[in-house]
2 protein chains.
Amino acid sequence: MSPTKAVENRREQILREAARLFAERGFHGVGVDEIGAAVGISGPGLYRHFTGKDAMLAELLVGISGRLLAAGRMRVAETPDPAEALDALIRGHIDFAIDDRPLITLHDRELDRLRETDRKLVRQLQRQYVEEWVAVVRRVHPHATELEARAAVHAVFGLLNSTPHLGSQSGLPERSATAALLQRLALSALAALDGETALDSGDDRRVTY
Amino acid sequence: MSPTKAVENRREQILREAARLFAERGFHGVGVDEIGAAVGISGPGLYRHFTGKDAMLAELLVGISGRLLAAGRMRVAETPDPAEALDALIRGHIDFAIDDRPLITLHDRELDRLRETDRKLVRQLQRQYVEEWVAVVRRVHPHATELEARAAVHAVFGLLNSTPHLGSQSGLPERSATAALLQRLALSALAALDGETALDSGDDRRVTY
DNA sequence: CCCGTGTGTTAGCGGTCGTTAACTCGATGG
DNA sequence: CCATCGAGTTAACGACCGCTAACACACGGG
């Protein structure tokens with residue numbers, strides 16, 4: 001094998017443990033010694049693999065954002081029917097939320113700890129991902145305004161990203177059961193966009209457009 | 001007025017600014033000098049009002065947890081109809097999520113930074129609040145299992161607590177419009193609990209119970 | 001055989017942070 | 001008029017943290 005293979009494994013191992021620790025105790029709450037100890041080396045040995053603690057967080061956030069966007073775009077591209085595409089988007093996001101819980105947590109929690117260039121990149125990836133969702137949601141629910149759809153997408157992200165809270169206290173038994181329930185909840189929430197009221201006017205509820 | 005009044009105001013001012021800073025940059029990311037500067041005094045002057053930085057966070061988290069629980073219990077107690085009680089619970093939570101955004105953020109983000117005694121208290125308050133919701137949800141959606149209802153409640157919390165993400169980029173125009181949309185999304189999400197599949201068995205989807 | 005390279009170690013530096021100590025000062029009340 | 005007290009100041013200390021420096025050592029190829 002190529003000599004970079006072992007290095008890659010080490011890097012990935014470090015990133016995995018760093019993600020877990022950052023999610024548990026916050027970026028500033030974890031010392032480099034603890035990250036090193038989690039992978040069996042100690043402290044400054046990490047600097048053979050990363051230029052610094054910031055670089056680890058940056059690689060984690062850029063990675064998860066990019067993978068979310070790539071997976072979302074792929075699923076949308078290969079699913080012509082909008083309703084099925086929305087289903088696929090939700091299912092894909094649930095996979096990330098369940099399998100990469102620490103990353104999902106970091107992704108909307110420690111973004112401000114990045115240097116500005118990295119932060120702008122991550123934000124751009126996140127924005128494109130949201131746009132992907134908004135476009136599909138508006139095709140499935142044409143009555144929704146742009147603002148409504150965008151807010152609803154953020155709300156559904158909050159719903160789907162609630163998985164970290166489920167594991168803490170007794171949680172659901174099976175992964176597939178959790179995924180199925182979240183899928184139904186998210187789809188059903190978005191179905192509210194076909195309801196009555198619009199919100200561009202400050203008026204009270206109205207039934208017709 | 002009593003001499004404690006000015007003290008209370010100062011304390012509340014400090015707590016408000018501390019909550020904002022903690023939510024923005026994380027508990028470990030904010031120094032006591034910054035908190036002091038935010039209220040016009042500097043650094044160690046805070047120790048005339050709090051025994052330490054930890055005490056500020058503890059008071060914030062116990063406060064929001066307690067107020068959420070108290071408000072929820074009151075609304076449930078004075079609303080006999082379960083569907084209306086659920087509506088009131090959602091509306092009350094939205095009020096907190098919109099008006100006390102930093103506290104809602106801290107509430108599920110910095111809990112682990114508390115000393116164990118405070119952490120246990122906050123967790124107990126949170127658990128009781130969840131139980132209040134679960135009881136009402138199960139009365140409105142009797143087909144849902146305990147586990148389903150609990151997971152759905154956590155998911156709806158995630159949905160409602162997404163407000164901090166809305167304000168960051170363009171957000172919704174009016175407070176009442178945002179509140180109304182979140183209300184519809186949350187109610188509609190929970191309506192999925194009346195759907196087909198159960199999840200206590202590991203089998204595939206079934207239509208009957 | 002040995003030398004370069006990858007990967008680790010320990011010691012230590014410079015800076016930051018939470019907290020305490022010692023002091024100041026205006027207001028208040030007998 | 002002075003003693004007390006609440007509320008703030010600055011200085012400084014000890015601990016911790018991210019990171020660098022200097023060194024160790026296995027190993028693979030000429």
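Residue numbering restarts at 1 for every chain, and letters A, B, ... go by the order of the sequence lines.
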### Query
Listed in order of residue number, which residues of residues 36-46 of chain A have a non-hydrogen atom at under 4.0 Å from DNA chain C?
Ile41(A), Ser42(A), Pro44(A), Gly45(A)

### Query
Rounded to the Å, how far apart are Arg10(A) CZ and dG8(C) C1'?
9 Å

### Task
Taking the six-membered ring for Trp and the single ring otherwise, decide whether the centroids of Phe157(B) and His93(B) are under 6.0 Å apart.
yes

### Query
Is NZ or CZ of Arg67(A) both nearer than 6.0 Å to the six-membered ring centre of Phe96(A) and within 45° of the ring axis?
no

### Message
Check Asp87(B) with Arg91(B), please: is the shortest side-chain N to carboxylate O separation under 4.0 Å?
### Response
yes

### Summary
In whole angstroms, the gap separating P of dG18(C) from NE2 of His28(A) amounts to 11 Å

#### Entry: Those residues of residues 16-23 of chain B lying under 4.0 Å from DNA chain D by at least one heavy atom
none

### Task
Could you check Gly29(A) against Thr51(A) and say which one's nearest nucleotide on DNA chain D is further toward the 5' end?
Gly29(A)

### Message
I want to verify a distance call: between dG8(D), dG18(C), dC19(D), whose nearest atom is closest to the Lys53(B) side chain?
### Response
dG18(C)

### Task
Output yes when a side-chain donor or acceptor of Arg138(A) lies under 3.5 Å from a complementary backbone atom of Ala144(A), and no otherwise.
yes

#### Entry: Rounded distance (Å) that lies between atom C1' of dA7(D) and atom CG of Asn9(B)
15 Å

### Message
Without decimals, in angstroms, what is the distance between Ile35(A) CD1 and dG18(D) P?
### Response
8 Å

### Task
Give a yes or no on whether the backbone of Leu69(A) and the side-chain of Gln126(A) come within a donor-acceptor separation of less than 3.5 Å.
no

### Task
In whole angstrom, give the distance that lies between atom NE2 of His49(A) and atom C1' of dT9(C).
13 Å

### Task
Using whole Å, report how far OH of Tyr47(A) lies from C1' of dT20(D).
9 Å

### Task
Measure the distance from CZ on Arg48(B) to P on dC23(C) and round it to the nearest whole Å.
13 Å

### Query
Between Glu131(B) and Arg73(B), is there a side-chain N and carboxylate O pair less than 4.0 Å apart?
no

### Task
Please report, rounded to the nearest Å, how far the C1' atom of dA11(D) is from the CG atom of Asp33(B).
13 Å

